[in-house]
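Here's the structure we're looking at; comments come further down.
Both backbone and side-chain heavy atoms feed into the values below; hydrogens, waters and symmetry mates do not.
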Amino acid sequence: MTGLGGKVDLFMRAAPEKVWDLVSDVTRIGEFSPETFEAEWTHGATGPAVGARFKGHVKRNGVGPTYWAPCTVTTCVENEVFEFAVGLDGNPLNTWGYRLTPEGDGTRVTEYFRLTPKWYLRGYWLVLGRLRGRTNERGMRTTLERMKEVVES
């Protein structure tokens with residue numbers, strides 16, 4: 001992990017199109033994530049597109065607190081990148097994403113996050129960053145392993 005974020009990647013024996021269907025369908029995240037147990041499109045959005053909005057229902061660290069997090073899709077390149085900002089309009093706290101890279105007979109999937117470089121988030125990261133970063137990395141690995149089970153079955 002470097003700076004104010006981290007990443008995990010995992011090879012999946014599946015075409016990018018098949019992986020894309022999972023990473024870009026936020027309504028399925030509850031099947032995979034250990035923290036975000038459901039999500040739904042909001043503000044008239046029905047699927048992935050830049051500017052589409054959704055909210056994720058999060059149980060922090062798998063135990064609480066539990067809250068709804070507003071999200072906005074910031075990058076959406078079909079079969080390549082799905083990225084979204086978490087936070088209110090114009091004031092994201094962090095960004096999460098998936099990058100899909102064709103590799104041999106499958107796809108290298110990278111899940112990543114980065115905090116918005118604001119002074120208060122830098123302070124948070126200095127104090128709790130190592131611990132939260134490890135938690136996020138474990139969660140990303142779990143998410144990708146669960147997705148892998150689905151796309152390879």
Side-chain angles (χ1 to χ4, degrees), residues 1-64 66-87 92-117 121 125 128-153:
M1 179 172 8
T2 59
L4 300 175
K7 68 178 182 171
V8 170
D9 65 48
L10 188 66
F11 177 78
M12 300 184 192
R13 288 197 195 305
E17 297 80 14
K18 194 170 181 182
V19 178
W20 174 261
D21 288 343
L22 292 187
V23 302
S24 67
D25 182 357
V26 301
T27 66
R28 293 193 66 187
I29 194 61
E31 297 173 47
F32 312 115
S33 172
E35 284 195 351
T36 304
F37 57 93
E38 68 179 324
E40 57 189 47
W41 296 107
T42 62
H43 297 82
T46 58
V50 171
R53 296 181 59 182
F54 65 95
K55 62 182 180 177
H57 208 179
V58 177
K59 184 178 260 186
R60 185 69 171 229
N61 298 317
V63 293
T66 301
Y67 55 91
W68 284 97
C71 303
T72 304
V73 177
T74 54
T75 305
C76 187
V77 180
E78 191 171 349
N79 304 325
E80 292 180 23
V81 181
F82 180 72
E83 184 178 281
F84 56 92
V86 179
L93 297 174
N94 55 51
T95 301
W96 288 81
Y98 298 90
R99 183 169 305 281
L100 312 181
T101 306
E103 184 179 297
D105 63 347
T107 306
R108 171 90 29 210
V109 184
T110 304
E111 183 175 2
Y112 57 90
F113 77 96
R114 65 181 174 273
L115 294 181
T116 302
L121 292 173
W125 198 253
L128 297 172
R130 184 177 301 247
L131 179 61
R132 185 62 200 167
R134 282 196 304 262
T135 300
N136 283 354
E137 286 178 5
R138 277 193 306 273
M140 290 186 293
R141 180 151 316 279
T142 297
T143 298
L144 292 179
E145 287 171 350
R146 290 174 178 172
M147 286 180 173
K148 178 181 173 110
E149 288 178 26
V150 170
V151 298
E152 289 186 355
S153 64

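- The side chain to side chain donor-acceptor pair (under 3.5 Å) check on T72 picks up nothing, with sequence neighbours excluded.
- Looking at every heavy atom in both residues, I29 comes nearest to A39 through CG2-CB, 3.8 Å.
- Partners of E17 under the salt bridge (charged side-chain N to carboxylate O under 4.0 Å, His left out) rule, at least two apart in sequence or in another chain, do not exist in this structure.
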Please set out all donor-acceptor pairs under 3.5 angstrom arising from side-chain atoms of residues 144-153, sequence neighbours excluded.
| from | atom 1 | to | atom 2 | distance (Å) |
| --- | --- | --- | --- | --- |
| R146 | NH1 | F32 | O | 3.1 |
| K148 | NZ | F11 | O | 2.7 |
| K148 | NZ | E152 | OE2 | 3.3 |
| E152 | OE2 | R13 | N | 2.7 |
| S153 | OG | E149 | O | 3.4 |
| S153 | OG | V150 | O | 2.9 |

Please list, one pair per line, the donor and acceptor atoms closer than 3.5 Å that link side chains of residues 75-85 to other protein atoms, with sequence neighbours excluded.
| from | atom 1 | to | atom 2 | distance (Å) |
| --- | --- | --- | --- | --- |
| E83 | OE1 | Y112 | OH | 2.5 |
| E83 | OE2 | T74 | OG1 | 3.3 |
| E83 | OE2 | R114 | NH2 | 3.3 |

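- How far CD of E137 is from CD of E111: 11.0 Å, rounded to the nearest 0.5 Å.
- Atom NZ of K7 sits about 9.5 Å away from atom CZ of R99, to the nearest 0.5 Å.
- Considering CG of L100 and CG of L22, their distance stands at 10.0 Å, rounded to 0.5 Å.
- Among residues two or more places apart in sequence or in another chain, the side chain to side chain contact (heavy atoms under 4.5 Å, CB included) test is passed with D9 by R108, T110.
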**OP:** Might you work through the side-chain contact (heavy atoms from CB on, under 4.5 Å) test for T143 and Y98, ending with a clear yes or no?
**Re:** CA-CA 11 Å; T143 298; Y98 298 90; 3.9 Å; yes

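- Here the closest non-hydrogen pair linking A15 and T107 is C-OG1, 3.4 Å.
- Looking at residues two or more places apart in sequence or on another chain, you find no salt bridge (charged side-chain N to carboxylate O under 4.0 Å, His left out) involving E38.
- Residues that satisfy the side chain to side chain donor-acceptor pair (under 3.5 Å) test with R141, not counting sequence neighbours, are absent from this structure.
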Donor-acceptor list for residues 41-55 side chains, cut-off 3.5 Å, not counting sequence neighbours:
| from | atom 1 | to | atom 2 | distance (Å) |
| --- | --- | --- | --- | --- |
| T42 | OG1 | R53 | O | 3.4 |
| R53 | NH1 | D89 | OD2 | 3.2 |

